2 protein chains.
Amino acid sequence: MPDDQTGKTVTDRTLQATDSTPVVQRPYADALSRLKQVGLRPTRQRMALAKLLFDGGDQHITAENLHGMARKAAVKVSLATVYNTLHQFTDSGLLREVVVGPGRSYFDTNTHDHHHFYVEPAGELVDIPVDSVELSRLPTPPDGTVMDRVDVIIRVTRP
Amino acid sequence: MPDDQTGKTVTDRTLQATDSTPVVQRPYADALSRLKQVGLRPTRQRMALAKLLFDGGDQHITAENLHGMARKAAVKVSLATVYNTLHQFTDSGLLREVVVGPGRSYFDTNTHDHHHFYVEPAGELVDIPVDSVELSRLPTPPDGTVMDRVDVIIRVTRP
DNA sequence: TCAACAGTTTAAAACAATTCTAAACTGGAA
DNA sequence: TTCCAGTTTAGAATTGTTTTAAACTGTTGA
C-alpha cells in the first residue's frame, strides 16, 4: 500500500528488527515515558497519539491531520479526543502551538527554541534553527505583563 | 449617546466646523483618495468603511468589530461586505493582516514595518515600533521561495 | 479480586469565524 | 438613458474547534 499521503514516514522500530517480519519491539516506551513525565494517564488513545507524534521526528501537524494519521494506523480515536490530547500535550509542554493563519494552527513536536518559515499558499511550515535568526534589542512588555515567548514567522511565497 | 463601546474615538472633521451644528465638511477626502490610489471603485460601503478605518488613527480591528462600528455609525453594510472589503484593502496594501490565534485575525491600519505584542488572554494587540526590535542574521528562505515579510509576535500575559 | 469513582473518551450537537452563492443593485461609460 | 461589469446582500454553507452528556476505563483500596 504505497499511499502515504500524510507526507511523513514514521519509523516504528526502537530496536533493530531481528528477522524479516517487521515486528515492532518496544514501540510504546517513549510515548509512555513522555506521558509519565507530565503526569497524564497513559490511556490507549493518548499512547497511540503520542507515538504518532513523537516517533516521527520533528513534525508540524494539524488536528485533522493527526486524526487522519490515526485512522491510517488503525487507531480508533475521535476528533474531539485528538483536540483534547493536542491541547493537553501543549499545556504540559510536550507540544508547541504555531498559529499561521486564521483557522490554521499547527502543533509542533519540536519544543526547543526555534522559528518558522510559512510557505504560502501551500500552507507549509518549515523550521528555522534558532541560531540562524538573531533577535537583539527586544522591547519591554506593556505594563503589568510579562513576556511569554517570541514568535518569528517569516512568510515566504513561490513566485 | 455616550455608549462608545468600541474604544476608539473617531475624529470626523477634516476642516474646522464653522457653526454650532456639527456638520462635517470634507469627511470623505482621505477615504476617496485612498480608494483611487489602489484603483477600487469608491462605492458607498467602501467609502464608509475606509473612513471608519483610516480616520481613527492606528487601529487593530476584526471583521465583526468593524461591522459593529459601521452599525453604530448608521452605515448599512453586510458582514460579507466587511470581509470582502477588508480583504480587498489588505490585498491592495491599505491594510495588513495580523494573525494571532486560530480563528482570530486582526486588520492593522498601520502598514509600516512594525511588530506586535499580543496580550493573552485578553486578545489585545499592541504595536511595537520597528526600532525597538532588532533582527539581525535572517536565514535564507527555502529554495524556490522569496521572503514576503517577517512577523514578530511577542506573546505576553498578565500574571 | 472487585467495587467504585475520577478521569477519559465519544458521537453528536453547538459554536464561531469566515466564505460562498445566486440574486438584486449601482456607478459610470457610452 | 441604457447597459453591464463590478458590487452588495441575505442567507446558506463550510471550516475548524469546543461543548455536552452519556458511556467507558484506569487505578485505587478494600
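Chain naming here is simple, since letters A, B, ... match the order of the sequence lines and numbering starts at 1 in each. In this text the structure is predicted, and so the values were computed from the model without any measurement.
Considering only residues two or more places apart in sequence or on other chains, Ser105(A) meets the side-chain hydrogen bond (donor to acceptor under 3.5 Å, both in side chains) condition with Glu97(A). Scored by the side-chain contact (heavy atoms from CB on, under 4.5 Å) test, Asn110(A) finds Asp58(A), Asp108(A), His112(A), His114(A), Asp127(A) as partners (sequence neighbours excluded). With sequence neighbours excluded, the residues forming a side-chain contact (heavy atoms from CB on, under 4.5 Å) with Val38(B) are Leu40(B), Ser92(B), Leu94(B), listed by chain and number. Residues meeting the ring pair (Phe, Tyr, Trp, His ring centres under 6.0 Å) test with His67(A), sequence neighbours left out: none. For Gln88(A), the side-chain hydrogen bond (donor to acceptor under 3.5 Å, both in side chains) partners at least two apart in sequence or on another chain are Arg46(A). In terms of the side-chain contact (heavy atoms from CB on, under 4.5 Å) criterion, residue partners of Ser136(A) (sequence neighbours excluded) are, by chain and number, Glu134(B), Ser136(B). Residues forming a side-chain hydrogen bond (donor to acceptor under 3.5 Å, both in side chains) with Ser78(B) (at least two apart in sequence, or on another chain): Thr81(B). The side-chain hydrogen bond (donor to acceptor under 3.5 Å, both in side chains) search around Arg96(B) returns none, not counting sequence neighbours.
On the nucleic acid side, DNA chain C contacts chain B at distances under 4.0 Å to non-hydrogen atoms, with the end points of that region at dA17(C) to dG28(C).
Among the protein residues, Ser105(B) comes within range of the sugar-phosphate backbone only, with heavy atoms under 4.0 Å from sugar or phosphate atoms but none that close to a base.
Contacts between residues 79-92 of chain B and DNA chain D, defined by a heavy-atom separation under 4.0 Å, are made by Ala80(B), Thr81(B), Asn84(B). Contacts between residues 32-50 of chain B and DNA chain C, defined by a heavy-atom separation under 4.0 Å, are made by Arg41(B), Pro42(B), Arg44(B).
Residues Gly57(B) and Thr109(B) approach most closely at O-OG1, 3.4 Å, considering heavy atoms.
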Name each donor-acceptor pair under 3.5 Å that joins a side chain in residues 151-159 of chain B to protein atoms two or more places apart or in another chain, with its distance.
residue   : atom : partner   : partner atom : Å
Asp151(B) : OD1  : Arg149(B) : NE           : 2.6
Asp151(B) : OD1  : Arg149(B) : NH2          : 3.4
Asp151(B) : OD2  : Arg155(A) : NE           : 2.9
Asp151(B) : OD2  : Arg149(B) : NH2          : 3.0
Arg155(B) : NE   : Asp151(A) : OD2          : 2.9
Arg155(B) : NH1  : Val100(B) : O            : 3.1
Arg155(B) : NH2  : Val100(B) : O            : 3.3

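Taking atom CZ of Phe107(A) as the reference point, atom P of dG16(D) lies 13 Å away to the nearest angstrom.
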